[in-house]
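On a predicted model such as this, the values are computed, not experimentally measured, just so you know. Here is how names work: the chains are called A, B, and so on, in the same order as the sequence lines, proteins then strands, and each is numbered from 1.
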Protein chains: 2
Amino acid sequence: MRPLTHPSIDDITVEGILHALSDPVRAAIYAQLACADAANSCSAFLQMEDRSIPKSTLSQHFRALREAGLIRSERRGVEMLNSTRCEEIAQRFPGLLQAIMQSYKTQLGARKPAARRRAKAG
Amino acid sequence: MRPLTHPSIDDITVEGILHALSDPVRAAIYAQLACADAANSCSAFLQMEDRSIPKSTLSQHFRALREAGLIRSERRGVEMLNSTRCEEIAQRFPGLLQAIMQSYKTQLGARKPAARRRAKAG
DNA sequence: TCATAAGTTCGTATGTTGCGAACTATGGGA
DNA sequence: TCCCATAGTTCGCAACATACGAACTTATGA
């Protein structure tokens, strides 16, 4: 098992960030980490919005976020604590993460009621 | 040949925008369209930053940008005129495109001189 | 009608992603 | 110390996405 790697702040790229956050699941994970007071473990996300995500898939998503430089992960006992690197990134790319997260929030709020009802029922 | 399709403003998604702009070539195309006074044809981008891009690949990139809702394309005689839909998008997702474009610009400016020299030479 | 120019579509090789199964850590008892 | 449970990772494969040359379509003009 290779050790966890985190890119240095200078190696973080805009295209990497955009690609990582262009997946709705990863964006949701990132959003939740950004809102959380304390660091979250991976398994906190096995169940997301009424959808269960396989462990292996989740692991890949966390790796993608980590390698894009969006989060920092450290082993703490048997689990992994994840936190965002938003301060660092905000310094290098001011406003980027904020705009992306705000846009996702807007999009979520703009979904038509009928569509939301259908999604809940289905 | 199917006619050009443009999503309505309500069908434009954040993930679609991020994915489309997570490709540096597409981001460069979009940036140039955003800066241009008049609409640009596709073939204006066959040569980008000392790199030539195959016509078919370029066509796919334009389709990706179009289907993400980032640009509008219309036939004008034998060629295609492309322009951004940034006003519409800015209304729905304020600040998003601006932040992304500004970040790319920052990234470009932050490349170390040595790396830039090497890139130019190679 | 032929030639040319601008884009699109197709076929294929190459990459990326999602997920179950098997594996690797770490911690807590007997 | 050995065994088990828990938390993540890696592997292998199927499904999907992407890049690019070749062949095609569409418009213009001689």
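Checking the phosphate oxygens (OP1, OP2) of D/dG8, no side-chain nitrogen or oxygen of A/H61 falls inside 4.0 Å.
Placement of A/I9 and A/L96 within a single hydrophobic cluster is found when ILVMFWY residues are connected by side-chain heavy-atom separations under 4.5 Å, directly or transitively.
Between the CG atom of A/L4 and the C1' atom of C/dA25 there is a distance of 12 Å, rounded to whole Å. Counting to the nearest Å, the P atom of C/dT16 and the CD atom of A/E15 are 14 Å from each other. A/M80 has its CE atom 14 Å from the P atom of C/dG27, to the nearest Å. Atom CG of B/L81 and atom P of C/dA6 are 13 Å apart (whole Å). To the nearest angstrom, P of C/dT16 lies 12 Å from CD of A/E67. Taking atom CZ on B/F62 and atom P on C/dA6, their separation rounds to 13 Å, with Å as the unit. Across the protein-nucleic acid pair, B/F45 atom CZ and C/dA5 atom C1' stand 18 Å apart, rounded to whole Å. Atom CG in A/L58 sits roughly 9 Å away from atom C1' in D/dG8 (whole-Å rounding).
For DNA chain D, the residues of residues 23-43 of chain A within the heavy-atom distance limit of 4.0 Å (strictly under) are A/S41, A/C42, A/S43, sorted by number.
Around CD of B/Q47, the count of heavy atoms belonging to other residues, nucleotides or ligands within 6.0 Å exceeds 12.
A donor-acceptor pair under 3.5 Å is absent between the side-chain atoms of B/Y30 and the main chain of B/A20, judged by distance alone. No side-chain donor-acceptor contact under 3.5 Å links A/E79 to the backbone of A/S41.
Within the 4.5 Å cutoff, the side chain of A/R85 has no heavy atoms near those of the A/I71 side chain. For the pair A/I100 and A/Q98, the minimum side-chain heavy-atom distance is 4.5 Å or more.
Sorted by first and then second residue, the salt bridge (Lys or Arg N to Asp or Glu O under 4.0 Å) pairs with a member in residues 12-35 of chain B form an empty list; sequence neighbours excluded.
The two residues B/N82 and B/S73 have their closest heavy-atom pair at OD1-OG, 2.8 Å.
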Next item on the list: Take B/R72 and B/E88 through the test salt bridge (Lys or Arg N to Asp or Glu O under 4.0 Å) and record every step on the way to the result.
Entry: CA-CA 11 Å; B/R72 194 178 290 285; B/E88 284 173 87; 3.1 Å; yes
Next item on the list: Summarise protein proximity over nucleotides 20-30 of chain D in one line of letters, 5' to 3': B for base, S for sugar-phosphate only, - for none, counting protein heavy atoms closer than 4.0 Å.
Entry: BBB--B-BS--
